[in-house]
Amino acid sequence: MKDSAEFRPATMKDEIKDYFSSHLKKKPSLTLLYKNIKGDLDEVEKALQLFSKSSNPIISEINSYLFQKSGKRIRPALLILCAKLLGYKGKEHINMSALVETIHTASLLHDDIIDHSDTRRGKETVHAKWGPNITVLLGDYLYIKTLGLSLESNFKDIVKILTDVSTEMIDGELFEYYMSGNLNILEHEYLEILNKKTASLFAASCQIAGILGGASKEELSRLISSGRNLGMSFQLIDDLLDFSGEAKILGKPVLSDLSEKRLTLPLIYTLKVDGAENRSRIAAILEERKLSENSTQEILKMVKSNGALEYTFQKAEEFALKAKDLINLFPKSIYRDTLSMVSDFVLNRSL
Ligand code: FPP
Ligand code: MG
C-alpha cells in the first residue's frame with residue numbers, strides 16, 4: 001500500500017483527525033437532549049400505540065414489538081422542536097410526529113429485508129423473526145394506514161407532504177440498490193441517494209412543523225433546508241459508524257454496507273485517493289459472492305489508513321453546521337438551543 005499521507009487532500013488537517021476522534025468518544029444523552037419536550041414525546045408514544053392497534057393478532061403482536069420505545073425518535077423530536085420554535089400552541093403536532101415516525105418504521109421494515117439485516121435496535125429484525133412475506137405486508141399496512149390517517153387530519157397539506165416524501169425515499173433506496181457494487185459511483189451521486197432516502201423525511205418533518213406553526217415563506221424554506229442538512233449529516237454518520245462504530249452500542253451490526261456491496265463515502269473516497277493497486281484489489285474483493293472476513297478486514301484497513309473516515313466526518317460536520325446556522329437565524333429560545341444540540345448529537349452520536 002502506498003503512503004497514505006501523500007494522498008491526503010490539502011484540507012485534511014491533523015486537528016480534524018483529533019477533533020474527530022475526541023468527538024466520537026463523547027456519548028450525548030438523548031434523555032437530556034429531549035428534556036424540554038418530554039411531555040410531547042410521551043404523547044407521541046401514546047399516539048403510536050393507538051395507531052398500531054389492530055384486531056388482527058399478528059399485526060398487533062408485531063406492532064407492539066416494533067413500537068417499543070427503542071428508537072431515537074429523532075424525526076418526531078425535530079417536528080416538535082420546530083413547531084415550538086415558531087410558538088405553535090396546538091395539539092396537531094403530536095399526531096403528525098406519530099405519522100412521520102410510522103413512515104420511518106415502515107421504511108425500515110422494507111430496508112432490513114433489502115439489506116439482509118437481522119438485527120436492529122439491539123433485537124431481531126421483524127423479517128428475521130417473522131419472515132419476509134409478513135414483513136413486506138406489515139410495512140405496506142403501516143405505510144397505507146399512515147396515509148389513511150393523514151386524510152382524516154384537519155391539516156390538509158399533510159397528505160401531499162407524506163406521499164411526496166415517500167416517493168422520494170423509495171426513489172433514493174432504489175437508486176442505492178441499483179448502484180450496489182458499482183465502483184464508479186461518484187460522490188455527488190452518493191450524496192443524492194442520502195438526500196432522497198434519508199434527508200427527505202427530516203426535511204418533511206420540519207416542513208410539517210413550519211406549516212403548523214404558521215411560518216412565513218422564508219422561515220419555511222429555512223426550516224426545510226435545515227432539516228435536509230441535518231438528515232444528510234445523520235446518514236453520513238450512519239455510514240461512518242458502519243465502519244468505525246460498535247455493534248453493541250449501535251444495536252445493529254457493523255460493516256454491513258460493505259457486506260451488501262453498498263459503496264458509501266469512506267469507500268468512495270478510498271477509491272478516489274488510493275492508488276490503482278488498491279482500487280483493483282477492492283474491485284476483486286467486491287466480485288466475491290460473499291465477502292470473507294479477511295477481505296472485509298483488508299478493505300477496512302485501507303479505509304482507515306487514508307483519511308477516509310475523517311473526510312466523511314468532515315462532510316457530516318459541514319452539513320450539521322449548515323443545519324445549525326439556519327436554525328440560529330430564528331430568535332433565541334430553549335427550542336432553538338435544543339435544535340442546535342440535536343445537530344451536535346447527530347454529529348457526535350455513537351448510536
Ligand atoms: C436506511 O438506510 C433506510 C432508509 C433511510 C430509507 C429506506 C426507504 C425505503 C425502504 C423505501 C420505502 C419507503 C416507504 C415509505 C415504505 P440504511 O440501510 O443505510 O441504514 P441502516 O443501517 O439503519 O439500515
Ligand atoms: Mg439498512
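Just so you know, ligand 1 is whichever comes first in the structure, and atom 1 is the first atom listed for that ligand.
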Of all N/O/S atoms in Asp111, which lies nearest to the Mg ion (ligand 2)?
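Restricting Asp111 to its N, O and S atoms, the minimum distance to the Mg ion (ligand 2) goes to OD2.
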Identity of the N, O or S atom of Asp115 lying closest to the Mg ion (ligand 2):
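Restricting Asp115 to its N, O and S atoms, the minimum distance to the Mg ion (ligand 2) goes to OD2.
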Would you say that more than 12 heavy atoms from the other residues, nucleotides or ligands in this model lie under 6.0 Å from the NZ of Lys89, or not?
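Atom NZ in Lys89 is not crowded, with 12 or fewer foreign heavy atoms closer than 6.0 Å.
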Identified salt bridge (charged side-chain N to carboxylate O under 4.0 Å, His left out) counterpart of Arg262 within the set Asp115, Asp111, Asp257
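Output: one option passes, namely Asp115.
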Using distance alone, determine whether [X] and ligand 1 share an N or O pair under 3.5 Å.
X      : value
Ser117 : no
Tyr143 : no
His110 : no
Ser166 : no
Lys252 : yes

May I ask you to check if Lys272 and Tyr269 form a cation-pi contact, with NZ or CZ under 6.0 angstrom from the six-membered ring centre and within 45° of the axis?
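That pair does not qualify as a cation-pi contact.
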Row check, Tyr65 ring normal vs Lys123 NZ/CZ: under 6.0 Å, within 45°:
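Yes; both conditions hold, so Lys123 lies above the ring face of Tyr65.
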Looking at Thr102 and Ala98, would you say the former's side chain and the latter's main chain have a donor-acceptor pair under 3.5 Å?
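Such a contact is found between Thr102 side chain and Ala98 backbone.
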State the atoms of ligand 1, each with its element, that fall below the 4.0 Å cut-off from a heavy-atom position in Gln235.
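Counting atoms of ligand 1 from 1, those under 4.0 Å from Gln235 are 19 (O).
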Give the numbers and elements of all ligand 1 atoms closer than 4.0 Å to a heavy atom of Asp111.
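Those of ligand 1 that fall under 4.0 Å from Asp111 are 1 (C), 2 (O), 3 (C), 10 (C), 17 (P), 18 (O), 24 (O).
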With no hydrogens and no angle check, just 3.5 Å: does a side-chain donor-acceptor pair link Glu293 and Gln297?
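Distance-only check passes for Glu293 and Gln297.
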Near the Mg ion (ligand 2), is there an N/O/S atom from Asp112 that is less than 2.8 Å away?
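False for Asp112.
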